[in-house]
Amino acid sequence: WSTDMKKQYDAIVIGAGIIGACISFELAKAGRRVLCIDKNPSAGYGSTSNSCAIIRTHYSTLDGAALALSNYPYWENWAKYLETDDELGLIQYKEVGCIYTCFSQNDYGRKLIDIAEKLSIPYEIWTPEIMRQRVPIIDSGNYYPARRPDDPEFGQAAGEMRHVIFFPKAGFISDPQLATHNVQRAAEAHGAMFTFADRVATIDNSNGCVSGITTESGKTYQTQIVVNAAGPHSYMINELAGVTDGMAIKTRALRVEVAHIPSPTGFDFEADGIIGSDANIGGYYRPEVGNHILVGSEEPECDGLDWVDPDNYVTDISNQARVQAMRAAQRFPAMNIPNNVKGIVDLYDVTDDWIPIYDKSDLKGFYMAIGTSGNQFKNGPVVGKMMTALIDYVESGVDHDEKPLVFPLPNLQQYEQNLCFFSRRRELNRGSSFSVVG
């Protein structure tokens, strides 16, 4: 490019978390000149950095499960997906499997079993006896509904669960920030540019079309395509673009905590533990390096939700982390909960129905991949492909609102994803679990 054209791009992606990086990668592979911009100092530094990075195939909706299953082979074959080296090394995916707790209030997992059978997702039914054979420290008690420790009925099991569903195709990434850096390097290998520590100040437009962005440092970049992948700040970017009024589903930032608890004495949870999607206790857990257990919340009713300003929220761990650890100790009674529970505090970018928005907007050239924090890390590779296809589709002149893109999901035989499922104009999806396994 000539000197006076160096700030012109075919597409600008706002946000260099796992979603923004994957979109930048796919746009660059498709031959577009791409700039990915982030207010943080490096890729994956925002909410992605504290993701539990759980990769799973079970989901509360058919479309959600299909998308997750479509992504799975990319995590299994990460180097093949990237086709690029990283001087920091490539992440390793660790498959440990995941249990989904079943009880009368979720119809004993019947919905997930139906979805698994439709998509040929492997699963096993574990009775309490099998649970104890596979994970000797586990307690098979039925503790629903989730309670806080000051509830007099806390820790009192109503008998045993009849069974749990075990999904063997599940695991995690222990370093989500490195995973994002891997994708950055892959995107750069195809010509994408990344710029950090600069915040978007305006979304520029001309005659109802995107014309570029201007940053707080005063830099202006020209483009006709902007993709909002700004995570918990996504609603602020939408406000800058003036597209909020055209959305039936919106996003906001939710403050969440994850406790880091040592493994029970005499049991190597890092080597022999599993992931738990455990609505029966109102939480989830997974093994962590250093023989620890990460314990998060599935947002049970007794807790309430802490909606915050993403630029001004309490980052110190609170008693909530201990509450989550105590709930997990119902499932693992030998758990060693320290006096000073350690953990992390970060944000989810949450839509009204906890299902992301992958869509265009009412401003020509402005696209959204938002509402993703906490539940979409695993879907980054295919989201990048899907958003690239959506941009091509809309930019070719098709009205996506009237005739939504139908996207053939990779790695699945003849499964087509109608993107109306992720529309900004959709009705609230009551089939959602309204929670995540973060």
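Everything quoted here is computed from the prediction, not taken from an experiment. Residue numbers start at 1 and run along the sequence shown.
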Would you call E76 and K169 a salt bridge, using N to O less than 4.0 angstrom? yes
Measure the OG1-NZ distance between T195 and K219 for me, rounded to the nearest 0.5 Å. 5.0 Å
Any donor-acceptor N or O pair under 3.5 Å, side chains R148, Q320: yes
Could you tell me how the ring of W75 sits relative to the ring of W78: parallel (under 30°), tilted (30 to 60°) or perpendicular (over 60°)? parallel
D353 vs T351, test: side-chain hydrogen bond (donor to acceptor under 3.5 Å, both in side chains). Steps then yes/no. CA-CA 5 Å; D353 58 8; T351 67; 3.1 Å; yes
So if I apply the side-chain contact (heavy atoms from CB on, under 4.5 Å) rule between N280 and each of V164, N106, N142, which one comes out positive? N142
Are the side chains of V13 and Y367 in contact, using a 4.5 Å heavy-atom criterion? no
Quiz question: by atom type and distance under 3.5 Å, do the side chains of Q417 and Y358 form a donor-acceptor pair? no
Counting only heavy atoms from other residues, nucleotides and ligands, does the tally under 6.0 Å from CD of Q105 exceed 12? yes
Do K118 and D114 meet the salt-bridge criterion of a basic N to acidic O distance under 4.0 Å? no
Specify the closest pair of heavy atoms between I261 and P338, including all atoms of both residues, with the distance to one decimal. CD1-CD, 4.2 Å
So D204 and T220, side-chain contact (heavy atoms from CB on, under 4.5 Å) or not? Walk me through it. CA-CA 9 Å; D204 306 321; T220 296; 4.2 Å; yes
Any carboxylate oxygen within less than 4.0 angstrom of a Lys/Arg side-chain nitrogen, looking at R425 and D362? yes
What distance separates Q184 CD from F194 CZ, expressed to the nearest 0.5 Å? 5.0 Å
Evaluate the side-chain proximity of V226 to Y221: yes if any heavy-atom separation is below 4.5 Å, no if none is. no
Should the pair D352-R426 be classified as a salt bridge under the 4.0 Å nitrogen-to-oxygen rule? no
Ignoring hydrogens and geometry, is there a side-chain-to-backbone donor-acceptor pair from E270 to G290 under 3.5 Å? yes
Walk me through it: do K39 and E216 pass the test salt bridge (Lys or Arg N to Asp or Glu O under 4.0 Å)? CA-CA 10 Å; K39 68 181 183 62; E216 289 184 349; over 6 Å; no
When you look at F332 and F269, which way does the ring-ring contact (aromatic ring centres under 6.0 Å, His included) test go after all the steps? CA-CA 11 Å; F332 305 109; F269 205 89; 5.4 Å; yes
Check the pair N205 / S211 against side-chain hydrogen bond (donor to acceptor under 3.5 Å, both in side chains), numbers first and verdict last. CA-CA 5 Å; N205 70 82; S211 60; over 6 Å; no
Find out whether the Lys NZ or Arg CZ of K7 is both under 6.0 angstrom from the six-membered ring centre of Y9 and within 45° of the ring's axis. no
Counting heavy atoms not belonging to F267, are there more than 12 under 6.0 Å from its CZ? yes
Can you confirm whether the side chains of D346 and S47 place a donor and an acceptor under 3.5 Å from each other? no
What do the steps show when you test Y72 against Y93 for ring-ring contact (aromatic ring centres under 6.0 Å, His included), and what is the final call? CA-CA 10 Å; Y72 203 81; Y93 171 60; 5.6 Å; yes
More than 12 non-hydrogen atoms from neighbouring residues, nucleotides or ligands closer than 6.0 Å to CG on D85, yes or no? no
So, the side chain of T48 versus the backbone of G44: is there a donor-acceptor pair under 3.5 Å, distance only? no
Between R252 and D309, is the closest basic N to carboxylate O distance under 4.0 Å? no
Can you find a heavy atom in the side chain of K378 that is under 4.5 Å from one in the side chain of N71? no
Between CD1 on residue I370 and CD1 on residue I237, distance to nearest 0.5 Å: 10.5 Å
Evaluate the side-chain hydrogen bond (donor to acceptor under 3.5 Å, both in side chains) criterion for residues E299 and Y348: first the C-alpha distance (whole Å), next the side-chain angles of each, then the deciding distance (0.1 Å), finally the verdict. CA-CA 12 Å; E299 294 76 41; Y348 287 165; 4.6 Å; no
Check L90, T84, L82 against D86 for a side-chain contact (heavy atoms from CB on, under 4.5 Å) and give me the one that passes. L90
Can you name the one residue among D303, D278, D139 that meets salt bridge (charged side-chain N to carboxylate O under 4.0 Å, His left out) with R327? D303
Salt-bridged, D401 to R424, with N to O below 4.0 Å? yes
Quick check for you: to the nearest 0.5 Å, what is the distance between C102 atom SG and I165 atom CD1? 3.5 Å
Would you check, one step at a time, whether the test side-chain hydrogen bond (donor to acceptor under 3.5 Å, both in side chains) holds for H233 with D311? CA-CA 8 Å; H233 289 79; D311 289 323; 2.7 Å; yes
Once rounded to the nearest 0.5 Å, what's the spacing between atom CZ of F421 and atom CG of D359? 13.0 Å
Please report the closest heavy-atom contact between G380 and I19, naming both atoms and the distance. CA-CD1, 3.9 Å
About how many Å separate CD1 of I55 and CZ of F377, when rounded to the nearest 0.5 Å? 5.5 Å
Short side-chain donor-acceptor distance under 3.5 Å, E257 and S318: yes
Tightest non-hydrogen contact, residues R56 and H58, listed as NH1-O, 2.8 Å
Go through I115 and K111 one step at a time and tell me if the side-chain contact (heavy atoms from CB on, under 4.5 Å) criterion holds. CA-CA 6 Å; I115 291 171; K111 182 178 180 182; 4.3 Å; yes
Any chance CG of D245 has more than 12 other-residue heavy atoms, nucleotides or ligands included, within less than 6.0 Å? no
Going by atom types alone, do S234 and T251 pair a side-chain donor with an acceptor below 3.5 Å? yes
Any donor-acceptor N/O pair, D175 side chain to I91 backbone, under 3.5 Å: no
Within a radius of less than 6.0 Å around CD of E188, do more than 12 heavy atoms belonging to other residues, nucleotides or ligands occur? yes
Does R32 form a salt bridge (Lys or Arg N to Asp or Glu O under 4.0 Å) with D10? I'd like the steps, not just the answer. CA-CA 6 Å; R32 296 185 186 268; D10 296 327; 5.9 Å; no
